[in-house]
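Quick note: residue numbers are just sequence positions, from 1.
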Amino acid sequence: MSSRSTPLGEFDLIERFFKTGADALRTNVDQGITLGIGDDCALLKRPTNEEIAITSDMLVEGRHFFADADPALLARKALAVNLSDLAAMGAKPLGFTLAIALPALDEAWLEAFSKGLFAIAKEHSCPLIGGDTTAGPLTISITAFGSIPVGKAIRRSGAKVGDDIWVSGMVGDARLTLAALRHEINLSSEDLQQIEHRMHQPTPRVELGVYLRDAASAALDVSDGLLGDLRHILKQSKVDAQIQLDQLPKSSVLKKQESSIQNLFAACGGDDYELCFTAPSSQQEKIQGISKSLNLPLTLIGKILPKKDGQARVYLLDASGALLSDSQAAPFLNSFDHFA
């Protein structure tokens, strides 16, 4: 990000790069937002048979993205990770707020950032309705709001013994992209170009989340690693799980790597923003129909088991069906820790 300062002030910044775009988007959607940017609070009005889902995510330079990250792609990702949380609960987006700390007022950077932000906001009918700006290390914090019919939210606590475990899309490509950018793994330019959008432009599975309201028993979005995140469902549902490592869905690019790298990146790479969900076996035909309707792979990767003890346990099977020992399984169960 350039350190060049401009005469632009805080309220000029808001008006030029954010309020104008927010107002334009609100005229094209009917979200029940009665007041947006310009007052002390935004106002949302919802029917009495709906609940509001609220989620927040923060991205910090050097921790979540590189200092030279493309501002348009960064903006897309900042909103996408919040929309992914809404999707995991089965919520339809209503709107979002943006709080951003900027080390300098760079007009070209802000122009690209705002364009990327409003592009994805428009795709998901999710207008900007408020926020804050200040000077400081580059930090982007978004709070997103969604609506769900009362009683239809897909919680992490609903998995039952015997349920199937599914994951959407492909997992592991974001981690493979990061490894290539860090020069940990050599990828051809063609392979990198094929997968790098998985890291820079994740696709929030909003439509899938809505479909799953009547099929899934529990769900979450995969942000810190598939199997590590799955344990959040296991803990809240008080169950264990069995996973077939060779069934984790992997792209053709990831499959070019050694099998150990394939499984490691797919199991715990993180930054996938796919949905992992559980559902009764009786829902398999319905889920396969959802997959066909959305043209989105939904892969059955395991089963929910009775709880053995106080731990949230994930038992891993290799391609032959053999159970991995605790020491063999441990590397696949790691997840990203924001304070590690």
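Put simply, L59 and L128 are part of the same group of oily side chains (I, L, V, M, F, W, Y) that touch within less than 4.5 Å, one to the next. A continuous path of hydrophobic side-chain contacts links L300 to Y211 [ILVMFWY only; heavy atoms under 4.5 Å]. Cluster annotation: I154 is connected to L298 through the hydrophobic network of ILVMFWY side chains, with a link wherever side-chain heavy atoms come within less than 4.5 Å. By the criterion of side-chain heavy atoms lying less than 4.5 angstrom apart, applied directly or through intervening Ile, Leu, Val, Met, Phe, Trp or Tyr residues, I304 is not grouped with F277; the two fall into different hydrophobic clusters. Cluster annotation: Y315 and L317 are assigned to the same hydrophobic cluster (Ile/Leu/Val/Met/Phe/Trp/Tyr, side-chain heavy-atom contacts under 4.5 Å, transitive).
The shortest non-hydrogen separation linking V206 to A91 is CG1-O, 4.2 Å. Between V171 and A266 the shortest heavy-atom distance is CG2-O, 3.5 Å. The minimum heavy-atom distance between D272 and R198, with the atom names listed, is O-NH2, 3.6 Å. Taking all atoms of both residues into account, the shortest heavy-atom contact from C268 to N334 is CB-O, 3.0 Å. The two residues I120 and A80 come nearest to each other via the heavy atoms CD1-CB, 3.7 Å. Closest heavy-atom contact between M170 and S251: SD-N, 4.0 Å.
Formation of a donor-acceptor pair under 3.5 Å by the S237 side chain with backbone atoms of A159 is found in this model. Under a 3.5 Å cut-off, the side chain of K307 and the backbone N or O of Q311 do form a donor-acceptor pair. For the pair T55 (side chain) and L86 (backbone), a donor-acceptor distance under 3.5 Å is absent. For R313 (side chain) and Q242 (main-chain N/O), no donor-acceptor pair under 3.5 Å exists by modelled atom type. The main-chain N or O of A78 is found under 3.5 Å from a side-chain atom of N82 such that the two form a donor-acceptor pair. Checking side-chain atoms of T278 against main-chain N and O of A218 turns up a donor-acceptor pair under 3.5 Å. Using a distance-only test at 3.5 Å, with no hydrogens or angles considered, no donor-acceptor pair links the side chain of R213 to the main chain of I148. Distance alone, capped at 3.5 Å, is enough to place a donor-acceptor pair between the K303 side chain and the G162 backbone. Checked by atom type and distance alone, the side chain of K250 pairs as donor or acceptor with a backbone atom of L248 at under 3.5 Å. Under a 3.5 Å cut-off, the side chain of K308 and the backbone N or O of P306 do not form any donor-acceptor pair.
Among pairs with a residue in residues 286-297, none fulfils side chain to side chain donor-acceptor pair (under 3.5 Å), at least two apart in sequence or across chains. The salt bridge (Lys or Arg N to Asp or Glu O under 4.0 Å) analysis of residues 175-192, with sequence neighbours excluded, yields the pairs R175-E184, R182-E184, D191-K256.
Within a 6.0 Å sphere centred on CG of N49, heavy atoms belonging to other residues, nucleotides or ligands number more than 12. Shown here is Q328, whose CD atom has more than 12 heavy atoms of other residues, nucleotides or ligands within 6.0 Å.
Contact check on R76 versus E123 returns a salt bridge, with a Lys/Arg side-chain nitrogen under 4.0 Å from an Asp/Glu carboxylate oxygen. Under the 4.0 Å criterion applied to side-chain N and carboxylate O atoms, K152 and D214 are assigned as salt-bridge partners.
No side-chain heavy atom of V314 sits less than 4.5 Å from a side-chain heavy atom of D240. With contacts defined as side-chain heavy-atom distances shorter than 4.5 Å, the pair S188/L192 does not qualify. Looking only at side-chain heavy atoms (C-beta outward), C276 and L226 come within less than 4.5 Å of each other. Considering only heavy atoms from C-beta on, L208 comes within 4.5 Å of L296 through its side chain. Here the side chains of Y273 and V81 are in contact, with some heavy-atom distance below 4.5 Å. Side-chain contact check for L94 versus R46: some heavy-atom pair is nearer than 4.5 Å. Between W166 and I301 the shortest side-chain heavy-atom distance does not fall below 4.5 Å. Using a 4.5 Å cut-off on side-chain heavy atoms (C-beta onward), S223 and D271 make no contact.
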Worksheet entry | Verdict with reasoning, V161 to L305, per side-chain contact (heavy atoms from CB on, under 4.5 Å) | CA-CA 5 Å; V161 173; L305 303 178; 5.9 Å; no
Practice prompt. Any chance you could lay out the side-chain contact (heavy atoms from CB on, under 4.5 Å) test for F65 and L138, step after step, and finish with the verdict?
Written response: CA-CA 10 Å; F65 58 90; L138 183 55; 3.7 Å; yes
Fill in: Working for side-chain contact (heavy atoms from CB on, under 4.5 Å), residues L73 and F113
CA-CA 8 Å; L73 297 183; F113 181 88; over 6 Å; no
Practice prompt. For S141 and I100, run side-chain contact (heavy atoms from CB on, under 4.5 Å): C-alpha distance rounded to whole Å, both residues' side-chain angles, the deciding distance at 0.1 Å, then the answer.
Written response: CA-CA 6 Å; S141 181; I100 184 168; over 6 Å; no
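Put simply, CG on L324 and CG on L245 are 6.0 Å apart, with the number rounded to the nearest 0.5 Å. To the nearest 0.5 Å, atom NE2 of residue H64 and atom OG1 of residue T139 are 10.0 Å apart. The OG atom of S168 sits 3.5 Å away from atom CD of E274, with the distance rounded to the nearest 0.5 Å. Distance CD1/I243 to CG/L230: 5.5 Å, rounded to 0.5 Å. Note: L79 CG to I140 CD1 = 11.0 Å, rounded to the nearest 0.5 Å. The distance from atom CG of L220 to atom CG of D85, rounded to the nearest 0.5 Å, is 9.5 Å.
By the side-chain hydrogen bond (donor to acceptor under 3.5 Å, both in side chains) test, Q284 pairs with D164, sequence neighbours left out. K238 is linked by a salt bridge (charged side-chain N to carboxylate O under 4.0 Å, His left out) to nothing, counting only residues two or more places apart in sequence or in another chain. In terms of the salt bridge (charged side-chain N to carboxylate O under 4.0 Å, His left out) criterion, D173 has no residue partners (sequence neighbours excluded). With sequence neighbours excluded, no residue forms a salt bridge (charged side-chain N to carboxylate O under 4.0 Å, His left out) with D326.
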